[in-house]
There are 2 protein chains.
Amino acid sequence: MTPLSTYHAVAARLQAEIRSGELAPGSKLPSERQLCERLGVSRVNARDAMHYLEGQGLIYRLNRRGWYVAPSVFIYDPTRSHSIRDEAQAHGRHLHTELLSARQETPPQAVVSLLQLAPREAVAAISRRRAVDGRWVLLELCYFRNDAFPRLLEEDLTGSLTALARQRYGYQHRELVVRIASSPLSEQQAQHLHVRDGSPALRLEREVLVDGRCVAVEREYWLHDAIEMQLRGHT
Amino acid sequence: MTPLSTYHAVAARLQAEIRSGELAPGSKLPSERQLCERLGVSRVNARDAMHYLEGQGLIYRLNRRGWYVAPSVFIYDPTRSHSIRDEAQAHGRHLHTELLSARQETPPQAVVSLLQLAPREAVAAISRRRAVDGRWVLLELCYFRNDAFPRLLEEDLTGSLTALARQRYGYQHRELVVRIASSPLSEQQAQHLHVRDGSPALRLEREVLVDGRCVAVEREYWLHDAIEMQLRGHT
DNA sequence: CAGTGGTCTAGACCACTAC
DNA sequence: TAGTGGTCTAGACCACTGC
């Protein structure tokens with residue numbers, strides 16, 4: 001095989017194999033050392049190609065496990081007009097939710113401010129991770145004021161929390177403030193999704209207001225290549 | 001100076017200097033080779049530290065020019081409730097706009113579909129770049145149907161296009177469909193912002209509907225570490 | 001335990017920027 | 001032209017995963 005002397009060439013070759021379907025979405029790429037040998041390049045070169053394709057959203061890695069072909073993005077309305085599970089079904093994709101923890105705790109300082117909590121006041125804190133078609137792509141960290149959501153932790157927390165708020169607690173009309181930014185994952189967050197510390201993610205923060213008062217804060221971290229947000233507005 | 005043998009240590013040291021204010025926002029970091037020598041590490045190690053901090057949004061690079069300390073993010077409402085210039089002023093930041101091109105052209109296929117154009121129908125295409133506090137952070141590519149925006153290219157295109165639509169063309173009520181995703185910059189896009197091909201960006205696509213008909217498509221590419229989007233919704 | 005990616009060294013040359 | 005980051009080689013050892 002003729003050596004491909006630049007990482008762009010290596011990337012282009014892999015890209016062609018992905019687009020042609022030779023490498024199917026979700027399948028594992030050859031190991032870095034195999035690629036070096038097969039393409040006649042150094043390992044740094046091969047790795048640079050991988051990082052480039054990762055940036056393009058064409059491949060992703062599971063920490064120390066290998067590189068995989070990325071599936072198509074998941075389209076999602078961050079203002080929660082529809083349930084995320086319904087959205088997944090509508091696009092023919094499988095959504096899996098796992099509860100990581102649910103307990104009383106004092107949240108991070110930024111959340112304390114938003115919820116206007118007393119200094120050491122605790123809230124119901126729920127963290128979950130979600131997989132689309134078998135890949136962990138979303139980490140959720142939600143904080144609920146106890147006075148607005150009494151005995152929340154005794155409920156079933158594996159389904160839609162939005163539906164729970166509406167049906168169990170009767171919050172029909174909610175105002176939202178949504179913030180979206182690029183954000184790297186912390187070590188702990190990354191571990192839950194099986195990716196590297198610092199992996200790029202989209203961070204979505206939802207401030208839930210009922211009668212002008214903030215009763216809950218929800219934070220979502222989506223792997224950057226897994227999601228497209230779509231919403232409606234007007235002027 | 002004691003050698004810092006891992007890139008995490010190198011990154012931590014730089015991070016401390018940035019947080020302490022020794023390295024001020026916008027200022028240039030020492031060159032990679034200077035850092036290698038000063039800290040007693042190899043250049044790969046130093047570069048890995050830079051890439052790590054870049055991912056954290058703490059520093060950014062101008063292509064082949066050097067590394068700089070990143071300023072704080074710019075907060076912005078993508079549904080355009082307010083003019084971006086007003087938002088900038090409200091946060092005490094300086095916004096500069098440069099018109100890159102304004103001409104009739106046939107847009108990319110995806111835009112043709114959204115605007116429901118005839119096969120080779122042209123639209124008014126406007127591209128601009130914008131700087132916040134002197135750093136180019138935003139590239140805009142806008143496409144306007146000629147029948148909805150006649151003689152648009154003869155107007156002043158350096159100000160708010162939203163205001164122009166409202167005042168000159170009388171579009172008071174507009175529905176928007178907004179899509180937000182992570183996206184790497186193409187070579188050409190990257191050049192306009194003086195960054196590397198493939199740099200991570202947030203892509204914002206705005207579909208402007210008047211009476212249920214799509215009359216304009218606006219695409220924005222923001223450098224990933226420069227922006228936080230904030231919007232309001234309700235259920 | 002074998003295989004993977006993650007980290008690291010000590011060099012080298014190239015393309016481009018700023019002056 | 002000097003200095004920058006961008007690319008590349010040919011190795012090495014480590015930490016972790018999966019069997």
Side-chain angles (χ1 to χ4, degrees), chain A residues 2-14 27-55 59-69 134-136 184-185 187-188 190-199, chain B residues 2-14 27-55 59-69 134-136 184-185 187-188 190-199:
Chain A
T2 44
L4 305 173
S5 55
T6 79
Y7 78 87
H8 281 110
V10 175
R13 176 180 218 102
L14 288 169
S27 65
K28 193 172 186 304
L29 269 66
S31 79
E32 295 177 358
R33 286 170 179 82
Q34 279 174 36
L35 279 173
C36 299
E37 200 177 332
R38 200 191 292 178
L39 303 180
V41 298
S42 74
R43 190 158 157 231
V44 172
N45 197 336
R47 274 179 75 74
D48 283 352
M50 301 299 218
H51 289 132
Y52 180 79
L53 292 175
E54 182 184 36
I59 65 177
Y60 67 93
R61 51 179 154 172
L62 294 181
N63 200 13
R64 290 177 199 273
R65 255 168 273 201
W67 295 90
Y68 298 80
V69 180
R135 177 189 177 199
W136 296 116
L185 294 180
E187 193 175 338
Q188 200 195 12
Q191 275 174 11
H192 285 308
L193 300 183
H194 294 165
V195 298
R196 264 201 65 205
D197 165 26
S199 292
Chain B
T2 44
L4 305 173
S5 55
T6 79
Y7 77 87
H8 282 111
V10 175
R13 177 180 217 100
L14 289 169
S27 64
K28 193 172 185 304
L29 269 65
S31 80
E32 294 177 359
R33 286 172 181 80
Q34 279 174 36
L35 279 173
C36 300
E37 198 177 334
R38 200 191 292 178
L39 303 179
V41 299
S42 74
R43 189 156 160 235
V44 172
N45 197 336
R47 274 179 75 76
D48 282 352
M50 302 298 219
H51 289 132
Y52 181 78
L53 291 174
E54 182 184 37
I59 64 177
Y60 68 93
R61 50 179 155 174
L62 294 181
N63 201 13
R64 291 177 198 275
R65 253 166 274 200
W67 295 90
Y68 297 80
V69 180
R135 177 188 176 200
W136 296 117
L185 295 180
E187 192 176 339
Q188 201 195 10
Q191 275 173 12
H192 286 306
L193 301 183
H194 294 164
V195 297
R196 264 201 66 204
D197 166 26
S199 292

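Below, all heavy atoms of this structure are taken into account, side chains as well, without hydrogens, waters or symmetry copies. Protein chains get the first letters and strands the later ones, always in sequence-line order, with residue 1 at the start of each.
- In this structure, of D/dC8, C/dT9, D/dT4, it is D/dT4 that holds the atom nearest to the side chain of B/Gln34.
- Remark: A/Arg61 fails to qualify as a cation-pi partner of A/Tyr68 under the 6.0 Å distance and 45° angle criteria applied to the six-membered ring.
- As judged by a 4.0 angstrom heavy-atom cut-off over every strand, B/Ser31 is placed among residues touching the sugar-phosphate backbone only.
- Among the heavy atoms of the strands lying under 4.0 Å from B/Arg65 are primed sugar atoms or P, OP1, OP2 only; no base atom is included.
- Counting any heavy atom pair closer than 4.0 Å across all strands shown, B/Asn63 reaches sugar-phosphate atoms only and no base atom.
- Look at NE2 on A/His8: it is 10 Å from C1' on D/dT7, rounded to the nearest Å.
- Taken to the nearest 0.5 Å, the CZ atom of B/Arg33 stands 15.0 Å off from the CZ atom of B/Arg38.
- Atom NE2 in A/His51 sits roughly 11 Å away from atom C1' in C/dT7 (whole-Å rounding).
- With ring centers used as reference points, B/His51 lies 6.0 Å or more from B/Tyr7.
- Put simply, CZ on A/Arg64 is 7 Å from C1' on C/dG5, counting in whole angstrom units.
- Looking at heavy-atom distances under 4.0 Å, B/Arg43 makes contact with a base.
- Within the 4.0 angstrom heavy-atom criterion, only backbone atoms of the sugar-phosphate kind lie near A/Arg196; the bases stay farther away.
- Distance check: B/Leu193 CG to B/Ser199 OG gives 8.5 Å after rounding to the nearest 0.5 Å.
- Both A/Ala46 and B/Leu29 lie close to DNA chain D; mapped to their nearest nucleotides by heavy-atom distance, the more 5′-ward contact belongs to B/Leu29.
- Contact check, B/Asn45 against C/dT9: a side-chain N or O comes under 4.0 Å of OP1 or OP2.
- As a whole-Å value, the separation of B/Asp197 CG from C/dC16 P is 12 Å.
- Atoms CG (B/Leu35) and C1' (D/dG3) sit 15 Å apart, rounded to a whole Å.
- Considering only side-chain atoms of A/Val41, the nucleotide from D/dT9, C/dG5, D/dG5 that sits closest is D/dT9.
- When distances are taken from the side chain of B/Arg61 to each of D/dG6, C/dG6, D/dC8, the shortest belongs to D/dG6.
- Between the side chain of B/Arg33 and the base of D/dG5, at least one donor-acceptor pair of N or O atoms lies under 3.5 Å.
- Ranking D/dG5, C/dG6, D/dT7 by closeness to the A/Tyr7 side chain, first place goes to D/dT7.
- Out of D/dC8, D/dG5, C/dC8, the shortest distance to the side chain of B/Ser42 is found at C/dC8.
- In this structure, CD of B/Glu32 is placed 17 Å from P of C/dA10, rounded to the nearest angstrom.
- Interatomic distance, CG of B/Asp48 versus CG of B/Leu53, reported as 11.0 Å (0.5 Å rounding).
- As judged by a 4.0 angstrom heavy-atom cut-off over every strand, A/Arg47 is placed among the base-contacting residues.
- Atom-to-atom, CG of A/Leu39 to P of D/dT9 comes out at 11 Å; the value is rounded to the nearest Å.
- Atom pair A/Tyr52:OH and D/dC8:P shows a separation of 13 Å (rounding to whole Å applied).
- Taken to the nearest 0.5 Å, the CD1 atom of B/Ile59 stands 11.0 Å off from the NZ atom of B/Lys28.
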